[in-house]
Amino acid sequence: MLCAAIMTQHWEHVSWERAALAALANASNTAIQWLLDEKVVKIEDSNQRKGGGTFLVPMNGGIWTMCVSLEEEEVSILYRAGFPKQPLCTNYLADGDDEEQRGDWQHRMQNLSISCALVCLIVLVSAALVGAFGVCKHQISAVLVTGVMYLLAGLFAMFTLMIIHLKRARVSLRPLDGDGVIGPRHPALPLLTAREFNTSWSLELGWGGVVLATTASLLWILLSKIMRYNPILGML
């Protein structure tokens with residue numbers, strides 16, 4: 001469950017609150033156009049050539065990436081409306097000056113969540129190997145170490161989940177964050193307060209994995225105690 005949660009892309013969803021968006025557009029005299037049954041908003045910019053503009057789109061993301069939540073057919077329709085032909089996913093691991101400019105707080109939190117997730121995956125793989133060796137060779141110490149490793153995996157997974165919860169805490173203070181905005185940033189800045197960040201099912205799957213990892217840790221430690229004080233079981 002932990003591995004599945006870490007590898008899925010539904011830790012958080014970016015959406016736009018329609019009523020707030022319309023009110024902000026009216027207050028700032030911003031021309032907007034609703035597309036795809038009001039799933040996407042196009043912001044017209046008089047300084048751009050015809051067919052240009054900035055798009056406010058729904059997105060879903062995981063620990064590694066943030067991607068546009070649209071079908072291929074819907075993206076094709078947007079291309080005809082001037083949607084920029086650029087990668088639909090932002091890779092948080094990629095380096096370079098062309099990446100989204102994010103606040104220091106959010107950038108640090110994202111890096112911490114990636115680091116904790118990588119450590120969790122490494123510990124889970126190592127625990128599986130050590131546990132298999134301990135059971136096959138009847139090594140009590142290896143079984144005990146496996147229990148401790150599962151506990152560590154659950155601990156780092158818990159850190160990852162908490163960071164995902166907290167990384168958006170100061171996003172309202174840093175309006176330059178571009179999640180959900182495709183195209184030039186400056187026309188969309190007055191409307192960013194209508195953006196909503198919601199956690200999704202991958203986070204719930206991760207919490208379930210933490211509970212199972214903790215339970216597995218206790219069971220492996222209990223098994224090591226039984227093997228130590230039960231000579232018959234230790235010789236099986």
Side-chain angles (χ1 to χ4, degrees), residues 1 3-25 30-45 48-94 96 98-102 106 110 113-114 117 160-161 164-165 167-168 171 175-209:
M1 288 183 68
C3 291
I6 291 173
M7 300 309 296
T8 53
Q9 303 297 323
H10 292 276
W11 287 70
E12 59 181 352
H13 285 174
V14 179
S15 59
W16 297 88
E17 210 284 312
R18 299 179 183 179
L21 194 60
L24 289 170
T30 303
I32 62 174
Q33 178 184 1
W34 296 93
L35 303 171
L36 300 178
D37 296 328
E38 298 189 348
K39 292 176 65 176
V40 176
V41 174
K42 180 181 179 182
I43 302 174
E44 299 291 350
D45 185 2
Q48 293 179 346
R49 64 182 183 275
K50 184 178 180 181
T54 299
F55 291 80
L56 308 182
V57 298
M59 303 188 79
N60 63 274
I63 299 175
W64 325 101
T65 58
M66 178 71 74
C67 298
V68 176
S69 299
L70 296 173
E71 302 292 337
E72 293 184 3
E73 182 179 354
E74 294 174 326
V75 175
S76 299
I77 296 174
L78 290 180
Y79 282 148
R80 295 195 290 270
F83 192 76
K85 291 188 177 181
Q86 63 185 54
L88 299 179
C89 293
T90 300
N91 190 339
Y92 294 133
L93 295 175
D98 295 334
E99 293 300 312
E100 305 290 350
Q101 297 297 319
R102 301 172 183 277
Q106 186 184 352
Q110 189 66 52
S113 66
I114 292 173
T160 302
L161 293 161
I164 294 295
H165 272 296
K167 79 167 187 174
R168 299 291 183 179
V171 71
L176 292 179
D177 170 68
D179 287 339
V181 182
I182 304 295
R185 297 290 177 259
H186 56 88
L189 290 182
L191 308 181
L192 286 183
T193 54
R195 183 176 51 182
E196 296 181 338
F197 295 95
N198 299 301
T199 56
S200 190
W201 58 266
S202 292
L203 205 65
E204 299 173 359
L205 186 65
W207 282 116

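What's counted below: heavy atoms across the whole structure, side chains too, no hydrogens, waters or symmetry copies.
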Exercise for the section: Can you sort out the partners of Glu204 under side-chain contact (heavy atoms from CB on, under 4.5 Å), two or more places apart, ordered by chain and number? Expected result: none
Problem - Asn198 vs Glu12 side-chain heavy atoms within contact, under 4.5 Å - result: no
Exercise for the section: List the steps, then state whether side-chain contact (heavy atoms from CB on, under 4.5 Å) holds for Phe55 with Ile43. Expected result: CA-CA 6 Å; Phe55 291 80; Ile43 302 174; over 6 Å; no
Problem - side-chain hydrogen bond (donor to acceptor under 3.5 Å, both in side chains): pairs with one or both residues in residues 69-81, sequence neighbours excluded - result: Lys39-Glu74, Asn60-Ser69
Problem - Note, Val40 side chain near Pro58 side chain (heavy atom, < 4.5 Å) - result: yes
Problem - Nearest-0.5 Å distance, CH2 of residue Trp207 to CE of residue Met1 - result: 12.5 Å
Completion exercise
By side-chain contact (heavy atoms from CB on, under 4.5 Å), Leu21 pairs with (sequence neighbours left out) Trp16, Trp34, Val41, Leu56, Leu191, Ala194
Problem - From CG (Leu24) to OG1 (Thr193), nearest 0.5 Å - result: 4.0 Å
Fill in the blank from the handout: Those residues at least two apart in sequence (or on a different chain) that pass disulfide bond (SG atoms under 2.5 Å apart) with Cys3 are none
Handout entry: With sequence neighbours excluded, residues passing ring pair (Phe, Tyr, Trp, His ring centres under 6.0 Å) with His13
Key = His10
Exercise for the section: Report yes if the side chains of Ile182 and Thr54 come closer than 4.5 Å at any heavy-atom pair, otherwise no. Expected result: no
Practice task
Answer yes or no: is there a side-chain heavy-atom contact under 4.5 Å between Thr65 and Gln9?
Solution key: yes
Handout entry: Side chains of Phe83 and Ile77 in contact at under 4.5 Å (non-hydrogen atoms)
Key = no
Exercise for the section: With sequence neighbours excluded, tell me which residues meet side-chain contact (heavy atoms from CB on, under 4.5 Å) with Ala117. Expected result: Ile6, Ile63, Trp64, Thr160
Handout entry: Side-chain heavy atoms of Glu38 within contact of Leu36, under 4.5 Å
Key = no
Problem - Pairing residues for Ser15 by the side chain to side chain donor-acceptor pair (under 3.5 Å) criterion, not counting sequence neighbours - result: none
